[in-house]
Amino acid sequence: MDEVTPPASTATPPPDPAYGPAVGRSLADKEKLRELEGVAADKTARDYQHIVLAYGVLWALFAGYGIFLWRRSARLRADMNDLQRRLDQRAR
Amino acid sequence: MRKILPDLCLLAAMPLLVYSVHRVFLETPIERQMGTAFKIFFFHVPMGWLCMLMAVICGVAAGVQLRRRSAVAGAVALAAAELGFVTGLGVLLTGPIWGSATWGTPWTGDARQVTTALLWLVIAAYLLLRHYGPRSSDRLAAALAIFGAVNVPIIYYAVKLWKTMHPSTGVVASLPPEMWATFWPGLIALALCTLALFGLRTRQLVLADELDAAWVRLDDNL
């Protein structure tokens, strides 16, 4: 009786010694990693909001004090001009 | 030279500020435990140091004012108190923002937070007395300022004396070199800004005193 040879497409090719078996992260691990990366990215984004808020507060305080000084300066200058005017009037 | 010193300080601070912000956001690595929020450290800590420096200057100047009745010392004390108020408010606002990012709560009531808040309240009381109190309240105001200055070492050593969530006193010295290189430009820039504003305000207060005296002399001569 003749031996039946399987069709070429179903025949298992001999293993290529140049390639090892595929190893790596399982799908579940990859999903877990992606989830953790998402958590880390959210945390970083939230942290940056906190940093911008903190720096904003600092510079607003300094700017506020700068404006306060500027207004005081203007008031002092006006007071000095008044005094000068009064002295000039007296001198006349 | 003394007149343009504050302007020079502000001019020198500008490029340093830009450089410091550039370093904070782009050059400094992210701290392993606290993450990105640690970057608040580079402005929060200098503000704390400057607040303590201003409180000490205010206390010493108030002591001199009390002893010698010096108007210039009074102006120095008042200017230092105002800047201590501003920098103290900066510390008390940025601290809880950082705390809420890393500790999960803005206020834990630990010793350093409480003592810093106490210093800020003392400075606020001093300012209220100086601005709205009668002339006779100068002594009480000076005593408050001295009390504030005495509070400074307590704030510094609070982390050693009591259990707190704040890092220990040697945290700046233990920074890695790349964080160290970010911390100093920020500190120097903020210190220059604060000292410039302090110089300008002191000069303003001295000038206001002289103007008041000139008005009184003018009215007396009429």
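Fair warning: this is a prediction, and the values are worked out from it, not measured in the lab. Naming convention: chains lettered A, B, ... in sequence-line order (proteins, then strands); numbering from 1 in each chain.
Residues B:L17 and A:W59 meet the side-chain proximity criterion, which asks for heavy atoms closer than 4.5 Å. No side-chain heavy atom of A:D47 sits under 4.5 Å from any side-chain heavy atom of B:F38.
The 12-atom threshold is exceeded at NZ of A:K43, counting heavy atoms of other residues, nucleotides or ligands nearer than 6.0 Å.
Note that CZ of B:F85 and CG of A:L61 are 9.0 Å apart. Values are rounded to the nearest 0.5 Å. In this structure, A:Y65 OH and B:R201 CZ are separated by 5.0 Å, a value rounded to the nearest 0.5 Å.
Contact annotation for B:F25: both backbone and side-chain heavy atoms come within less than 4.5 Å of a heavy atom of chain A. Contact of B:V24 with chain A is made through the side chain alone, with heavy-atom distances under 4.5 Å. For chain A, the nearby part of B:M47 is the side chain; its heavy atoms alone come within less than 4.5 Å. Proximity to chain A is absent for every atom of B:I30, based on heavy atoms less than 4.5 angstrom apart. At a 4.5 Å heavy-atom cutoff, the contact between A:R72 and chain B is made by backbone and side-chain atoms alike.
Taking chain B as the reference chain and counting heavy-atom pairs below 4.5 Å, the highest number among A:T44, A:L83, A:L53 is found for A:L83. Contacts with chain B were tallied for A:L76, A:L69, A:D82; A:L69 has the most, counting heavy-atom pairs under 4.5 Å. The most heavy-atom pairs under 4.5 Å with chain B, out of A:Y48, A:Y55, A:F62, come from A:Y55. In terms of heavy-atom pairs under 4.5 Å with chain A, the best-connected choice from B:V21, B:L83, B:T102 is B:L83. Ranked by heavy-atom pairs shorter than 4.5 Å toward chain A, the options B:T87, B:V91, B:L190 are led by B:L190.
Of all heavy-atom pairs spanning B:L207 and A:M80, the tightest one is CD2-SD, 4.0 Å. Across all non-hydrogen atoms, the minimal contact from A:A54 to B:T94 is O-CG2, 3.6 Å. Residues A:R86 and B:L218 approach most closely at CB-CD2, 3.8 Å, considering heavy atoms.
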